Amino acid sequence: MVQAWIPMPDGVRLSATLYMPANAKPDERFSALLEYLPYRKDDAMAARDYPIHTYFAARGYVSARVDIRGFGTSEGVPTDREYSQQEQLDGEQVIAWLASQPWSSGKVGMFGISWGGFNAIQMAMRQPPALRAIIAVDATENLFHDDIHFIDGMMHFDEFELNMDLAPAMTGAPDYTLDEKILAPRFDWTPWSLLYLRHQRDGNFWREPVRPLSGIRIPCFLIGGLLDGYRDSIPRMLQQVRAPVKAIIGPWNHTFPNDAEPGPQIEWRNQAVEWWDHWLKGRHNGAMDGGALSIYMRTWHSPDPHLKDVPGQWRVEPGWPPRGVTDATLYLHDAHVLATEAPKPATHQLRYVPSAGVEAGFWWGELLTDQRPADAFSLVYDSTPLREELTVLGRPHALLRASSTAPLANWFARLSDVAPDGTVTMVTGAGLSGAQRESASDPTDLEPNRIYPLDIEMHLTTWTFPRGHRIRLAISNALWPMIWPTPYAMTTTLQLGGDAGSRLVLPLVPPSVSEPPKFSAPEPMEHRNDTQSAGLPFPGEWRTERNQLTGQTRITWSGKAEETYPWGKETDLEDITYEVEDSHPETCVVHGEAAIIMALKDRTLTWKGHLTLSSDAKSFYYKYVRELERDGKRVREKTWEETVGRDRQ
């Protein structure tokens, strides 16, 4: 490993770790691979980075890990938001620097998971000359609808935002200096959760960091998971990117495929090297042979949050949409059944229960428990037991005709598999804000009791419903704590009947006619011997408390992670409490507590973040306090407190 400084035009230097090939000849040239993140490379992410970058270096690449400006050991003030203009301008400079080094072939690839996948896509949109190919894992280009601040366009808060409001306040390893010139710009940096609260609708703020997918001119290798919240970007990119696209979608959550829970796990790094060899070294190695998309076709399993391996098999498709896909329409009937024939006119009403939906998880993925408790607060429609198995591949639609007694309402559709014993396994789902029924950038109130057509496009899924099972569609107006409750008591109504009545549309595919892809099992991971990690904050521990008499519900989440370095030990603690009262949906509250404890040889530094976010019918009330302690004594504190109007959220 070689530590390097990459100069920016304004004099700021970005900190880079270069993983160099061993035994390089003096005149040998290497392509560079870039991972570009705000997460601290020299401490918090050191253990994770090592087996990825050393793997690439051992196979003839200079693999570069760079801290974004103002984070970790890079110089400068933190960027004012995720995926900022400054971050992207700096990224272009980093790519140009890598391409100009004496050891460089002049060709650069970019890769990463989550944030690193997001900015790899965004840099591909910007077309820096030396960038020749990317790999994006668990990423998206749609920042308002797909990212975790406003899931499906509706307000969301979770442990990521709590962490990102605190971690950038830290100075760099291993000294963690308290020099005011370095500490103050980071510590006084405005929490991003406040910034996003000020932008509650789609528009220029969310669209400025991205450009059209059709503008990408370099090859893209995409890896996603059917339990990951960002998976919908892959069909879009398969359809819209005008350069070669290869994609693998497994049954995974937000993780690399070689370390995925649930599995089955596969090795992705060898796939990456094959990709880089093809596009950066010009080797004709079969990297683009076969279909553009390899996707895992899930078959039924019982609802089990601890499932080790998802049953199913791999399938190859030449592109998107899948071959032979046909839409099957099932209408919602008055008897709460799904059937192929159009029903007679009828109406079904649902009283809004703001605390409903806990069992549906924290984003549109995850392994979940039985959905019957959530279904109890929903309008539920079941098919008859299937006479033959049906296989879904794509994005189902719930096409509803609905009305509300309130000017603001959300609708959520969940597709599930009902086994003969009655257990309910969720397959996929999605939500839609009634205010955003026509435009996410120009939301408007609902006219009470007016019937509106709503198209809830569910998130990408695969599933085979076995013979004898039933297909279930559940419709609700709350999915808490995933989505912040709307503020008005109300009753919503579904209109049934006729060919244009409320209905479910399933994308069905025939059996595959292609050989399934063959993936390697995970290879042994090379680990650092000077850095160790124990646990991750997510998924953490959940606890739900309901008071049936008062209608009050409290959910608590807590997570802990530990890292050991040559200079000390880091402990990360996070706790979030969500509170809602069914009779007062306007007064939802979230309390968040985060601490990063750095126990060094000569002192202990503790960064703390305290968040309270509450609401009434008109406003959100935000308060965030950031603290720094040395050996238990406070040395710095800053508070942000603001009232922000509810913008139809």
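Every value quoted in this text rests on a predicted model; they were computed, and no experiment measured them. The basis for the numbers below is simple: all heavy atoms, side chains too, and nothing from hydrogens, waters or symmetry mates. Throughout, residue positions are numbered sequentially from 1 according to the sequence presented.
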Fill in the blank from the handout: Looking only at heavy atoms, the pair that brings Ala489 and Tyr352 closest together is CA-CD2, 4.4 Å
Problem - Asp202 and Ser441: side chain donor to acceptor below 3.5 Å - result: no
Practice task
Give a yes or no answer on whether the side chain of Asp375 reaches the backbone of Ser378 with a donor-acceptor pair at less than 3.5 Å.
Solution key: no
Exercise for the section: Could you tell me whether a side-chain N or O of Tyr296 sits under 3.5 Å from a main-chain N or O of Gly312, the two making a donor and an acceptor? Expected result: yes
Exercise for the section: Decide yes or no on salt bridge (charged side-chain N to carboxylate O under 4.0 Å, His left out) for Lys623 and Glu642, but give the supporting numbers first. Expected result: CA-CA 7 Å; Lys623 183 177 182 180; Glu642 188 168 323; over 6 Å; no
Handout entry: Arg81, CZ atom: more than 12 neighbouring heavy atoms under 6.0 Å
Key = yes
Practice task
Could you tell me whether Glu261 atom CD has more than 12 heavy atoms of other residues or ligands within 6.0 Å of it?
Solution key: no
Fill in the blank from the handout: Heavy atoms of Trp364 and Gly431 approach each other most closely as CZ2-N, 3.9 Å
Exercise for the section: Verify whether one side chain among Thr492 and Arg351 offers a donor that lies under 3.5 Å from an acceptor in the other. Expected result: no
Exercise for the section: Mind listing the closest non-hydrogen atom pair of His459 and Ala430 along with its distance? Expected result: CD2-CB, 3.8 Å
Exercise for the section: For Arg198 and Leu195, indicate whether the former's side chain and the latter's backbone hold a donor-acceptor pair under 3.5 Å. Expected result: no
Problem - Side-chain H-bond candidate by donor/acceptor type, Ser439 with Arg201, under 3.5 Å - result: no
Practice task
Identify whether the distance between the nearest side-chain nitrogen and carboxylate oxygen of Lys608 and Glu593 falls below 4.0 Å.
Solution key: no
Practice task
Run the numbers on Arg470 and Asp417 for salt bridge (charged side-chain N to carboxylate O under 4.0 Å, His left out), then give the verdict.
Solution key: CA-CA 6 Å; Arg470 289 176 289 157; Asp417 184 319; over 6 Å; no
Handout entry: Arg414-Gln371 side chain donor-acceptor pair, cut-off 3.5 Å
Key = yes
Handout entry: Closest contact, heavy atoms only, Ile121 versus Ala139
Key = CD1-CB, 4.1 Å
Handout entry: Backbone N/O of Arg395 and side chain of Glu457: donor-acceptor pair under 3.5 Å
Key = no
Exercise for the section: Supply the atom-to-atom distance Ser355 OG to Asp582 CG, rounded to the nearest 0.5 angstrom. Expected result: 3.5 Å
Practice task
Mark yes or no for whether Thr425, through its side chain, and His301, through its backbone, hold a donor-acceptor pair below 3.5 Å.
Solution key: yes
Exercise for the section: May I ask you to decide if Val505's main-chain N or O and His397's side chain share a donor-acceptor pair within less than 3.5 Å? Expected result: no
Exercise for the section: Take atom CZ of Arg207 as the centre, draw a 6.0 Å sphere, and report whether it contains more than 12 heavy atoms from other residues, nucleotides or ligands. Expected result: yes
Handout entry: Interatomic distance, Leu367 atom CG to Asn253 atom CG [nearest 0.5 angstrom]
Key = 7.5 Å
Practice task
Determine, for Arg543 against Glu541, whether the closest basic-nitrogen to carboxylate-oxygen distance falls under 4.0 angstrom.
Solution key: no
Practice task
Using only heavy-atom distances, determine whether the side chains of Asn142 and Tyr230 contain a donor-acceptor pair under 3.5 Å.
Solution key: no
Handout entry: CZ/Arg646: more than 12 non-hydrogen atoms of other groups inside 6.0 Å
Key = yes
Problem - Spacing of Leu504 atom CG and Tyr331 atom OH [to the nearest 0.5 Å] - result: 11.5 Å
Practice task
Before giving the answer on side-chain hydrogen bond (donor to acceptor under 3.5 Å, both in side chains), spell out for Ser193 and Tyr622 the whole-Å C-alpha distance, their side-chain angles and the decisive distance to 0.1 Å.
Solution key: CA-CA 9 Å; Ser193 58; Tyr622 178 96; 2.8 Å; yes
Fill in the blank from the handout: For Gln200 and Asp647 the tightest heavy-atom approach is OE1-N, 2.8 Å
Handout entry: CA sep, side-chain torsions, deciding dist, call: Glu579, Arg554, salt bridge (charged side-chain N to carboxylate O under 4.0 Å, His left out)
Key = CA-CA 5 Å; Glu579 298 177 350; Arg554 171 182 292 182; 2.8 Å; yes
Exercise for the section: Look at the side chain of Asp232 and the backbone N and O of Leu460, then say whether any donor-acceptor pair between them is shorter than 3.5 Å. Expected result: yes
Exercise for the section: Please check if the side chain of Tyr452 supplies one atom and the backbone of Glu447 the other of a donor-acceptor pair under 3.5 Å. Expected result: yes
Completion exercise
Of Phe620, Phe150, Trp206, the one forming a ring-ring contact (aromatic ring centres under 6.0 Å, His included) with Tyr196 is Trp206
Handout entry: Candidates Lys638, Glu641, His610 - the one meeting side chain to side chain contact (heavy atoms under 4.5 Å, CB included) with Val625
Key = His610
Practice task
Would you mind checking if Arg372 and Asp370 are paired as a salt bridge, meaning a charged N to carboxylate O distance below 4.0 Å?
Solution key: yes
Exercise for the section: Please test His469 against Trp300 for ring pair (Phe, Tyr, Trp, His ring centres under 6.0 Å), starting from the C-alpha separation and ending with a verdict. Expected result: CA-CA 9 Å; His469 286 226; Trp300 174 84; 5.2 Å; yes
Practice task
Please answer whether the main-chain N or O of Leu330 pairs with a side-chain N or O of Thr340 as donor and acceptor at a distance below 3.5 Å.
Solution key: no
Handout entry: Centroid-centroid under 6.0 Å between Trp607 and Phe187 rings
Key = no
Exercise for the section: Classify the side-chain pair Thr461/Arg298 by whether it contains a donor and acceptor separated by less than 3.5 Å. Expected result: yes
Handout entry: Gap between atom CG of Leu432 and atom CE of Met154 - 0.5 Å precision
Key = 6.5 Å
Completion exercise
Only one of Arg503, His348, Arg472 passes side chain to side chain contact (heavy atoms under 4.5 Å, CB included) with Tyr381, and that residue is His348
Exercise for the section: Report the relative orientation of the aromatic rings in Tyr578 and Trp542; use parallel for angles under 30°, tilted for 30 to 60°, perpendicular for over 60°. Expected result: parallel
Handout entry: Under 3.5 Å donor-acceptor, Asn477 side chain and Phe412 backbone
Key = no
Exercise for the section: Would you check if there is a donor-acceptor pair between the side chains of His149 and Glu82 at a distance under 3.5 Å? Expected result: yes
Exercise for the section: Identify the residue among Thr299, Thr462, Thr464 that makes a side chain to side chain donor-acceptor pair (under 3.5 Å) with Thr391. Expected result: Thr464
Completion exercise
Nearest heavy-atom contact between Asp158 and Ile576 is C-CD1, 3.7 Å
